[in-house]
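The shown structure was predicted, so the numbers you read here are calculated from the model rather than taken from an experiment. Chain identifiers are assigned alphabetically (A, B, ...) following the order of the sequence lines, protein sequences preceding nucleic acid strands; residue numbering begins at 1 within each chain.
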There are 2 protein chains.
Amino acid sequence: MLELAILGFLKDGPTHGYDLRTKVAALTGHVRPVADGTLYPAIKRMAAAGWITRKDEPGAAAAPRRVLHLAEAGERELERRLRDPDPLDLSDENRWFTLLAFLRHLDDPAAQAEVLRRRLAFLEQPASFFYDGDRPMRAEEFGDPFRQGLLSIARATSRAELAWLRATVDSLDRAAAP
Amino acid sequence: MLELAILGFLKDGPTHGYDLRTKVAALTGHVRPVADGTLYPAIKRMAAAGWITRKDEPGAAAAPRRVLHLAEAGERELERRLRDPDPLDLSDENRWFTLLAFLRHLDDPAAQAEVLRRRLAFLEQPASFFYDGDRPMRAEEFGDPFRQGLLSIARATSRAELAWLRATVDSLDRAAAP
DNA sequence: CCGAGATACCTCGGATCCGATGTATTGAAC
DNA sequence: GTTCAATACATCGGATCCGAGGTATCTCGG
């Protein structure tokens, strides 16, 4: 999730780690703050993998910046992760939202629609907490108001996203096959 | 999050690890599957902390079951985690939903309302991805449909939960102060 | 001129997680 | 009668994460 965000931000142009720290915080920090001890090792890791290159930029700021560029292998990695996302990226909200934030980096509308279709398939499959076998649970079946609320919130959020997904898949399909 | 689920399920009565595995999977497995290599070390860890006790139950099933009981220290730990949740439990959806699923174990309506109020405070504070300073972003300001969708989905889900939270806080307050 | 705060990067230890693998028994299927 | 699946628990290595701490420079106020 963090690596995807780094790749996605670098696709917009080179920056240094400290700026990435701010950008990542603005994207996901509200929900899950990112620590320096997570970010910088991730950068190091990704540089070792050949996805990004580091160039020292002296005199640009108080401390010497190490400007990060997206390498060709990094572009391929980003494309791969967007085009054929990890199953967790489709089920976990945090991951899915970060993926959505960078899905614009896929240039092919058909590929974008395919990703949305997969998320659609995940949302449409019944979650065992909300279903009793095939039968959808009724909120009143939970004795306490908290699980009732959990159920109704999950349904409402799912409905909102489903509507958007279906509409967007349609318009992407129209864009792909004129 | 896993530990909270284990404590919460054991509050309903003793069970063995394999049954917990199913229950946890039904609760959160749809979004984030739990691996045996996560569950059993967690049980071991929690037993070492004195939160749960293990008793062998021979002959009850194919393989010998180790029945888990919630110890008094475990009850206190559960109460503590529900009454004064970790900040991450209030911001991360996955964690918050599991907490909500067990909030019924707090017997005090005032304490329950207080927890909901904290979640309310989190949801009401502006997320930097959706705000430009103090000004809420308009969806059209994002050039691509994906970040537009992200924004509208986040707003819709937030609205749905906020409405439920406010109504439930009200009714809990009425229950606490008659 | 001096200290506080922002910029900028890095490392370390401890904790948790996951995937893979292992062991052993029971019951149903073929 | 033997293979297969389910039950039930456990361990291990590798990866990631977080919090805490460390280093160094620049700028601005007092």
Side-chain angles (χ1 to χ4, degrees), chain A residues 1-7 9 14-25 28-29 31-49 51-68 77 81 86-89 91-92 94-95 98, chain B residues 1-7 9 14-26 28-29 31-49 51-68 81 86-89 91-92 94-95 98:
Chain A
M1 200 192 75
L2 175 60
E3 294 185 353
L4 178 64
I6 293 175
L7 292 171
F9 281 126
T15 23
H16 49 102
Y18 198 74
D19 182 52
L20 276 180
R21 186 183 141 285
T22 327
K23 287 198 167 97
V24 171
T28 66
V31 172
R32 276 192 156 270
V34 64
D36 275 10
T38 307
L39 178 66
Y40 285 105
I43 291 173
K44 202 179 177 183
R45 194 163 69 224
M46 293 166 74
W51 299 341
I52 58 184
T53 54
R54 291 193 279 188
K55 279 170 199 150
D56 281 26
E57 188 189 59
R65 287 180 180 163
R66 318 199 66 179
V67 180
L68 309 170
E77 180 67 17
R81 289 193 191 209
D86 188 281
L88 250 182
D89 291 339
S91 60
D92 187 300
N94 298 331
R95 287 170 170 263
T98 41
Chain B
M1 200 194 74
L2 174 60
E3 295 185 352
L4 178 64
I6 293 175
L7 291 171
F9 281 127
T15 22
H16 50 102
Y18 198 75
D19 181 52
L20 275 181
R21 185 182 141 286
T22 326
K23 288 199 166 96
V24 171
T28 66
V31 171
R32 278 192 154 270
V34 64
D36 276 11
T38 307
L39 178 66
Y40 285 106
I43 290 173
K44 202 179 176 184
R45 193 163 70 225
M46 292 166 74
W51 298 341
I52 58 183
T53 54
R54 290 194 279 189
K55 279 169 199 152
D56 282 27
E57 187 190 61
R65 287 176 179 167
R66 318 198 66 180
V67 180
L68 310 170
R81 289 192 190 210
D86 188 280
L88 251 182
D89 291 340
S91 59
D92 187 297
N94 299 330
R95 286 169 169 264
T98 41

A:Thr98, A:Ile43, A:Leu39, A:Leu7 screened by side chain to side chain contact (heavy atoms under 4.5 Å, CB included) with A:Leu2, the one that passes
A:Leu39
Whole-Å distance, B:Tyr40 OH to C:dA24 P, equals 17 Å
Using the test ring pair (Phe, Tyr, Trp, His ring centres under 6.0 Å), find all partners of A:Tyr40 that sit at least two apart in sequence or belong to another chain.
none
Does B:Arg66 make a side-chain N or O approach to OP1 or OP2 of D:dA10 shorter than 4.0 Å?
yes
Whole Å only: how far is the CG atom of A:Asp86 from the P atom of C:dG19?
9 Å
Between atom CG in A:Asp36 and atom P in D:dT23, what is the gap in whole Å?
16 Å
According to a strict under-4.0 Å criterion, is B:Arg45 in side-chain N/O contact with OP1 or OP2 of C:dG14?
no
Rounded to whole angstroms, how far apart are CD on B:Glu57 and C1' on C:dT25?
15 Å
Across the strands shown, which category fits A:Gly17 at heavy-atom distances under 4.0 angstrom: base, sugar-phosphate, nothing?
sugar-phosphate
Provide, to the nearest angstrom, the distance between the OH atom belonging to B:Tyr18 and the P atom belonging to C:dT23.
19 Å
Is there a side-chain contact between A:Lys44 and the phosphate of C:dT11, meaning an N or O under 4.0 Å from OP1 or OP2?
yes
With sequence neighbours left out, the residues meeting ring pair (Phe, Tyr, Trp, His ring centres under 6.0 Å) with B:Tyr18 are none
Measure from CD on B:Glu3 to P on C:dA15 and round the result to the nearest Å.
12 Å
Could you tell me whether the phosphate oxygens of C:dC9, OP1 or OP2, come under 4.0 Å of any side-chain nitrogen or oxygen in A:Arg65?
no
Atom-to-atom span, CZ of B:Arg32 to C1' of D:dT16 - whole angstrom:
11 Å
Before accepting this row, confirm whether a basic side-chain N of the pair B:Asp86/B:Arg81 lies closer than 4.0 Å to the acidic partner's carboxylate O.
no
Using whole Å, report how far CD1 of B:Ile43 lies from P of C:dT16.
14 Å
